[in-house]
J.: 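Just passing along the structure, written as structure tokens.
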Amino acid sequence: MTRKTSLLVYLVLLVGKALGQDPELSKIYMDQADQVYAEAKDAIEIAKEIYVQAVEADTNNVRANYMAGRLYLETVNRDYSTKYFERVDRLDPKYKFNIDYLIGRGYQYGLEFDVALKYFEAYKKRLLANRSYRGRDVTSTTDVNERIQECKNGMEIINSPSLYTIENVGENINSAWPDYAPVLNEDESVMIFTSRRQEDNTNENVDKDNFYFEDIYISKRKGITWQKAQNIGTNINTEYHDSNLYLSRDGKTLYIYSDVGNGDIFYSEENENGEWSKPKPIPGRINSAGFSEQSVNISADGEFLLFASNRPGGYGGFDIYGCYKEDGEWKRPFNMGPEINTKYDEDGPYMADDGITIYFSSKGHKGFGGFDVLKTTYDVKTEKWLKPENLGYPVNTVDDEVYFNPTSDGKRGYLASVREEGQGFTDIYMVKYTGNLGETAKSRIVELKKKENNFIDDEDLRVKELIDSVLNISAYQVYYEINSSEILPEFEKKLLDMAKFLKGHQNLGVQISAFSSSDGNPKYNFELSNKRAQAVMEFFKKNGVEEDRLAARGFGILTGMENKTRRAEVKIMDLSKFDE
């Protein structure tokens, strides 16, 4: 589809919306959507919006509802598909054989796993009752069983929220177009990423999917603010697709993906003038003939390299491979083994600075569905990799999370994902580790024991009442307005007193557990509870309490009296107990 055609399609969307049911107008929209979808099937975002217009013109248009739901399920905001598929089911239950399966998928993307399971089980019954059915609208037993297992995994994972929060890095980096694959240098002063935005793109035309071609962009941080991202330049970017893979810790060598050889790894080096060299193939035996290599990473000591490839001899799909350097050259790669690789795809490996921890994404290990980010540690005693651990929600969702780029201290990381609060399509997010008091307490207590006069007099802080009222109860409750994570003024004074008390008692920490009411969908409620927990954590940090003494978690929905479930529980804990 040309730019001219796409602009004309958008003009169609600006036509006045129908008032009430208007089958004729709905048909006009359907004809336009079908034409767009037939001429440029990859441009489904545009077609989707026109099908939605057709539904709004006539909510009884079964095919319009089906196509709107189908294209939502294939793009972003996939949980929105349930609205349209359920309407199809009400209007004509026999319209699609696998309609229950499609409804279940929408609920799965919305993290409503219990509802999704009911629809998947209903679809399985239909399959068993119609074993001879061979229509194009059938979904296999294998596929539905995999979805059922993913939902069961999801219910287990989401009931144990991870110690991470997600924060959009902002409009200086993200755009209304897909932005992804963030890589950073060691001190987080430089971020390089891939974008399909129009601004500064080396090609003014769009590709067949109506997005601009991939270009690589760079942003530098001043203080705590990322500067406006700029195109990295024509030495690296071409008129076609260019994507980054890894940035060396010193920020001087950038590894990129090239379509050469069906997908190879290249690299570019930055000179003293800040100019990047023309990319060259990575030396050694990493790139293969006729197969794809992607997502490269190099250990902190520079002696070990990880990458993903679909070359023969793996466990299935893309596998993660390792490679040692000898005499300055990368030697023969080897498969990282069945503890990491599965019969499905693995991608995006990253070795932490400790040299024994690997983060990677997988479709095959226990997860929500799609790619999930996991981590595993090498056990030097057994000489095997431990069972990979899912980083959980909100890091992982039912969508794909790939190319997680952790910082050296392990407290943060960066990845790209589709989220409700995003600026459009895939955005780049910072993942923050919100703490586990048990992990930080021992080192803190050891340091405290080396010092004298850690504590200042209680009377100076006038916190005798605080000691009696806080340390002797399970938790202090902070309540919120509906759909809000803002701390109300009536709770600030008590939290401020607690912060003062904590500053004088370095052996104490705070566990923050936040909840939401049952209003809204589970995905929204989990995100809201995380924001509430993070708001309390940021309040303490702002008032002088060190981050390693704080742990914050959002637990999503808490049933009960609605005005009492919108809360955060703030509990002071004796860190020295963790040292026992």
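All residue numbers refer to positions in the sequence shown, counting from 1.
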J.: So, N262 side chain and G290 main chain: donor-acceptor pair closer than 3.5 Å or not?
T.: yes
J.: Under the 3.5 angstrom rule, does the side chain of S288 hit a backbone N or O of R311 as a donor-acceptor pair?
T.: no
J.: Is the distance between the ring centroids of F334 and Y324 under 6.0 Å?
T.: yes
J.: Looking at CG of L415 and CG of D427, how far apart are the two atoms once the value is rounded to the nearest 0.5 Å?
T.: 11.5 Å
J.: Can a donor-acceptor pair be found between the side chains of E214 and Y180 at a distance below 3.5 Å?
T.: yes
J.: Is atom NZ of K541 surrounded by more than 12 heavy atoms (other residues, nucleotides or ligands) closer than 6.0 Å?
T.: yes
J.: Provide the closest heavy-atom pair for D200 versus D215 in the form atom of the first, atom of the second, distance.
T.: O-OD2, 4.2 Å
J.: Cation-pi check for Y212 against R197: NZ or CZ below 6.0 Å from the six-membered ring centre and within 45 degrees of the axis, yes or no?
T.: no
J.: Ignoring hydrogens and geometry beyond distance, is a side-chain donor-acceptor pair present between N235 and E275 at under 3.5 Å?
T.: no
J.: Could you give me the CA-CA distance, side-chain angles and deciding distance for E49 and Y29, then say whether side-chain hydrogen bond (donor to acceptor under 3.5 Å, both in side chains) is met?
T.: CA-CA 10 Å; E49 295 300 328; Y29 281 126; over 6 Å; no
J.: I need the E547 CD to K432 NZ distance, nearest 0.5 Å.
T.: 5.5 Å
J.: Please check if the side chain of S140 supplies one atom and the backbone of D143 the other of a donor-acceptor pair under 3.5 Å.
T.: yes
J.: Could you list the residues that satisfy salt bridge (charged side-chain N to carboxylate O under 4.0 Å, His left out) with E186, not counting sequence neighbours?
T.: none
J.: Kindly determine whether D399 and R78 satisfy salt bridge (Lys or Arg N to Asp or Glu O under 4.0 Å), including the steps that lead there.
T.: CA-CA 9 Å; D399 276 299; R78 300 184 184 190; 3.3 Å; yes
J.: Is the gap between the ring centers of F425 and F211 under 6.0 Å?
T.: yes
J.: Under 4.0 Å between a Lys/Arg side-chain N and an Asp/Glu carboxylate O for E270 and K252?
T.: yes
J.: Checking side-chain polar atoms at under 3.5 Å, does E239 have a donor or acceptor matched by the opposite partner on T202?
T.: no
J.: Is the positively charged end of R196 above the ring of W177, judged by distance under 6.0 angstrom from the centroid and angle within 45° of the axis?
T.: no
J.: Side chains of N168 and N174: donor-acceptor distance under 3.5 Å anywhere?
T.: yes
J.: For a side-chain hydrogen bond (donor to acceptor under 3.5 Å, both in side chains) check, start with the C-alpha distance between N525 and S529, then their side-chain angles and the critical distance, and finish with the verdict.
T.: CA-CA 6 Å; N525 284 315; S529 66; over 6 Å; no
J.: Under the ring pair (Phe, Tyr, Trp, His ring centres under 6.0 Å) definition, can you give me all pairs with a residue in residues 251-292, not counting sequence neighbours?
T.: Y246-Y255
J.: Any chance you could measure K48, atom NZ, to N77, atom CG, to the nearest 0.5 Å?
T.: 6.5 Å
J.: Without hydrogens or angle criteria, can the side chains of N390 and D372 be said to hold a donor-acceptor pair below 3.5 Å?
T.: yes
J.: Using the ring centroid of each side chain, check whether F404 and Y350 are separated by less than 6.0 Å.
T.: no
J.: Show, in sequence, the C-alpha distance, side-chain angles and deciding distance for D354 and T357, and conclude whether the side-chain hydrogen bond (donor to acceptor under 3.5 Å, both in side chains) test is met.
T.: CA-CA 7 Å; D354 62 10; T357 300; 2.8 Å; yes
J.: Is it true that atom CD of Q227 has more than 12 heavy atoms of other residues, nucleotides or ligands lying nearer than 6.0 Å?
T.: yes
J.: Please determine, by modelled atom types, if D353 and S408 share a side-chain donor-acceptor pair under 3.5 angstrom.
T.: yes
J.: If you look at every heavy atom in Y217 and N201, which pair is closest and at what distance?
T.: OH-N, 3.5 Å
J.: Atom CD1 in I157, atom CD in E389: separation rounded to 0.5 Å?
T.: 10.5 Å
J.: Between E538 and Q534, is there a side-chain donor-acceptor contact under 3.5 Å, judged purely by atom types and distance?
T.: yes
J.: Minimum heavy-atom separation for K228 and E171, please, with both atom names.
T.: NZ-O, 4.0 Å
J.: Please give me the minimum heavy-atom distance between Y359 and P406, naming the atom from each residue.
T.: CD1-CG, 3.8 Å
J.: Taking all non-hydrogen atoms of both residues, which atom of T253 and which atom of E269 are closest, and how far apart?
T.: OG1-CG, 4.1 Å
J.: Among all residues two or more places apart in sequence or in another chain, which pass the ring pair (Phe, Tyr, Trp, His ring centres under 6.0 Å) test with Y107?
T.: Y119
J.: When you check the side-chain N and O atoms of N530 and Y164, is any donor under 3.5 Å from an acceptor?
T.: no
J.: Show your reasoning for whether side chain to side chain contact (heavy atoms under 4.5 Å, CB included) applies to E303 and E326.
T.: CA-CA 8 Å; E303 298 299 314; E326 295 180 13; over 6 Å; no
J.: Verify the neighbour count for atom NZ of K387: are there more than 12 heavy atoms of other residues, nucleotides or ligands below 6.0 Å?
T.: no
J.: Is there a side chain to side chain contact (heavy atoms under 4.5 Å, CB included) between I236 and N244? Walk through the geometry before answering.
T.: CA-CA 10 Å; I236 291 179; N244 56 273; over 6 Å; no
J.: Does any donor atom in the side chain of T142 or N145 lie under 3.5 Å from an acceptor atom in the other side chain?
T.: no
J.: Does the separation of the ring centres of F371 and H365 fall below 6.0 angstrom?
T.: no
J.: Going through the checks in order, is the side chain to side chain contact (heavy atoms under 4.5 Å, CB included) test met by F368 and Y393?
T.: CA-CA 9 Å; F368 292 98; Y393 185 85; 3.8 Å; yes
J.: A side-chain contact here means heavy atoms from C-beta on lying under 4.5 Å apart; do I232 and D242 qualify?
T.: no
J.: Given E293 and R285, is the salt bridge (Lys or Arg N to Asp or Glu O under 4.0 Å) satisfied, shown in steps?
T.: CA-CA 11 Å; E293 283 71 44; R285 305 174 66 177; over 6 Å; no
J.: Are any non-hydrogen side-chain atoms of F307 and L305 less than 4.5 angstrom apart?
T.: yes
J.: State whether a side-chain donor-acceptor pair under 3.5 Å links S195 with D179.
T.: yes
J.: What I want to find out is whether E156 reaches K366 closely enough, with some N-O distance under 4.0 Å, to be called a salt bridge.
T.: yes
J.: Taking the basic N atoms (NZ, or NE/NH1/NH2) and the acidic carboxylate oxygens, is any pair closer than 4.0 Å for E527 and K531?
T.: no
J.: Quick check: closest heavy atoms across A308 and S295, and the distance to 0.1 Å?
T.: CB-OG, 3.3 Å
J.: Working to the nearest 0.5 angstrom, can you tell me the gap between S243 OG and I256 CD1?
T.: 9.0 Å
J.: Starting from the C-alpha separation in whole Å, work towards a yes-or-no answer on side chain to side chain contact (heavy atoms under 4.5 Å, CB included) for T82 and Y80.
T.: CA-CA 6 Å; T82 54; Y80 290 10; over 6 Å; no
J.: Answer yes or no: is there a donor N or O on one side and an acceptor on the other, between the side chain of S309 and the main chain of S292, under 3.5 Å?
T.: yes
J.: Please check this pair: side chain of R419 against backbone of Y429, looking for a donor-acceptor N/O pair closer than 3.5 Å.
T.: no
J.: For R412 and E188, run salt bridge (Lys or Arg N to Asp or Glu O under 4.0 Å): C-alpha distance rounded to whole Å, both residues' side-chain angles, the deciding distance at 0.1 Å, then the answer.
T.: CA-CA 10 Å; R412 291 169 305 286; E188 294 177 79; 2.6 Å; yes
J.: Just by distance, with hydrogens left out, do D347 and Y403 show a side-chain donor and acceptor under 3.5 Å apart?
T.: yes
